[in-house]
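The next block holds one structure in the form of structure tokens; read it before the comments.
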Amino acid sequence: MEKHNCFIKQLSVIIENKKGAFADWALLLSENQIDLIAAAIAETGERGTLRAIVSEPQRAYELLSEKKYAVSLTDVLAVPLLDRPGALAELLDLLRDHNISVEYLYSFLRKLEGDGVVVLRVNLPGEAVKVLTTHGLTLLREEQLKKQ
């Protein structure tokens, strides 16, 4: 399986922990017709790290860079899961059984395969792709995230 079919691009943005900072970021995307698909923020005092999946990651990266945001693009995996007890536990157990560590994860809902999607960053991405696809799990591609 080729790399571009297995990974999606995630924006990682340093956001100041002050009133309106997240709103400013979201409005910038909105004004430029970039769809925010998923976001998670980890606050660490004066700043936070915002991780986001957007409809046009490269364009969003360029726009945010122009506006002097500290931003990077990261390859992550997006795995659709059915909404049932144990689905996430089974996925994580499978990765653990193959010595793959999850660095972080977050989830979102979107009309796709399954009921929800888990975004994962792992220590061994290539191995994770092999393990997940060998066990019949689907990995989403960038174009599948865009609204039809």
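Every heavy atom of this structure was used, including side-chain atoms; hydrogens, water molecules and symmetry mates were not.
Contact record, L11 with P57: CD2-O, 3.9 Å, taken as the closest heavy-atom pair. What you find for I53 and K9 is that their closest heavy atoms are CD1-O, 3.9 Å. Here the closest non-hydrogen pair linking I15 and A21 is CG2-CB, 3.7 Å. The shortest heavy-atom contact between C6 and L77 is O-CD2, 3.4 Å. Of all the heavy atoms in L120 and V76, the pair that sits closest is O-CB, 3.4 Å. Of all the heavy atoms in S101 and N123, the pair that sits closest is N-OD1, 2.7 Å.
Here CD of E62 is found 11.5 Å from CG of N32. Values are rounded to the nearest 0.5 Å. To the nearest 0.5 Å, the span separating OG on S107 from CG on L88 amounts to 8.0 Å. Rounding to the nearest 0.5 angstrom, the gap separating the NE2 atom in H98 from the CD atom in E127 is 7.0 Å.
Note on E103 versus R121: salt bridge recorded, some NZ/NE/NH1/NH2 to OD/OE distance being below 4.0 Å.
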- [ ] Determine, stepwise, if the pair L28 / D24 fulfils side-chain contact (heavy atoms from CB on, under 4.5 Å).
- [x] CA-CA 6 Å; L28 181 61; D24 291 342; over 6 Å; no

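Note that R51 lies in the cation-pi zone of Y104, set by a 6.0 Å cut-off to the ring centre and a 45° limit from the axis.
A donor and an acceptor atom, one from each side chain of Y106 and Q10, are located under 3.5 Å apart.
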